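Below is one structure, written out as structure tokens; the observations come after it.
Only a predicted model underlies this, so the values are computations on that prediction, with no experimental measurement involved. Counting starts at 1 for both ligands and their atoms, following the listed order.
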Amino acid sequence: KSIDLTGRTYVVMGVANKRSIAWAIARSLDEAGAKLVFTYAGERLEKNVKTLAESLEGEHLVLPCDISSDEEIDATFNDIKEQVGTISGVAHCIAFANKEELEGEYLNVTRDGYLLAQNISAYSLTAVCKAARPLMTEGGSVMTLTYLGGERVVKNYNVMGVAKAALDASVKYLANDLGKDGIRVNAISAGPIRTLAAKGIGGFNDVLKEIEEKAPLRKTTTQEEVGDTALFLASDLSRGITGEIIHVDGGYSTLSLV
Ligand code: NAD
């Protein structure tokens, strides 16, 4: 093993199915020997997540956690504290917005749709950090997933882009708050990947084609590439990095439009 996480536990939030980026992160951490705690949203996903988790090598635990409820977040992390004690990090791989607001003009967003996207996709990271902090007694690494649409205007990304901008800023403020406890907070800005969440975004196939043609690496991003970057961020190899947004996108974000 090039990176050894034996004896460490990480919480992976946001596995829905085998295409989920969270699942690739879990596999990378599992291969490095980490113990994993999976959290999922809603009973509908329980069986899926349990079946996937059972296919892993190492020890794991599967717990429910709907990120829209502070009570549920607290209950989940209390449960984790009781069952595993100390954790070494969290991978937050969660976002949501109304499908009808992921196409057309951004300014048609409703107040409710705006707040929903902010609540699930941005505020939830702060809520998770608050609940996880007492469990990271020996320091830790918190990771979240973001997208270029938070830094630049990406067609159809709309309200989710505004939520990702808030998420990116949260990463920096949280990194500053938690750095004194030896806890690092970083985001991975992934290139477009065909997942359940991505299905909701208008014109997604055209975006994939554009990346294949124009990204410096001339290929789309894979879940595994993101998983391995998360492994690096979870490990001590990245001990000097916090408050950072690492682009795992084949270099696409470095290009100018002209
Ligand atoms: P996915 O659909 O597999 O994962 C999204 C997860 O969010 C699901 O597991 C879903 O259950 C969870 N979720 C939604 N509402 C929730 C709630 N209230 N409580 C708890 N969990 C909730 O899709 P994905 O693409 O793997 O998305 C993971 C993350 O990666 C998201 O933050 C997404 O914005 C980000 N991302 C995705 C891409 C891409 O192209 N797929 C690119 C950059 C960033």
Please list all pairs meeting side-chain hydrogen bond (donor to acceptor under 3.5 Å, both in side chains) that have one or both residues in residues 52-63, counting only residues at least two apart or in different chains.
Lys35-Glu59
Does a side-chain heavy-atom distance below 4.5 Å link Ser238 with Arg184?
yes
Are Val248 and Leu255 linked, directly or through other ILVMFWY residues, by side chains that come within less than 4.5 angstrom of each other?
no
Using 0.5 Å steps for rounding, measure from the NZ atom of Lys164 to the OH atom of Tyr157.
4.5 Å
Taking side chain as C-beta onward, heavy atoms only, is Leu125 less than 4.5 Å from His92?
yes
Just to be sure I understand the cut-off, which residues have at least one non-hydrogen atom under 4.0 angstrom from an atom of ligand 1?
Gly14, Val15, Ala16, Ser20, Ile21, Ala41, Leu45, Cys65, Asp66, Ile67, Cys93, Ile94, Ala95, Ile120, Leu145, Thr146, Tyr147, Lys164, Ala190, Gly191, Pro192, Ile193, Thr195, Leu196, Ala197, Ala198, Phe204
Measuring only between side-chain heavy atoms, which start at C-beta, is Glu31 closer than 4.5 Å to Leu231?
no
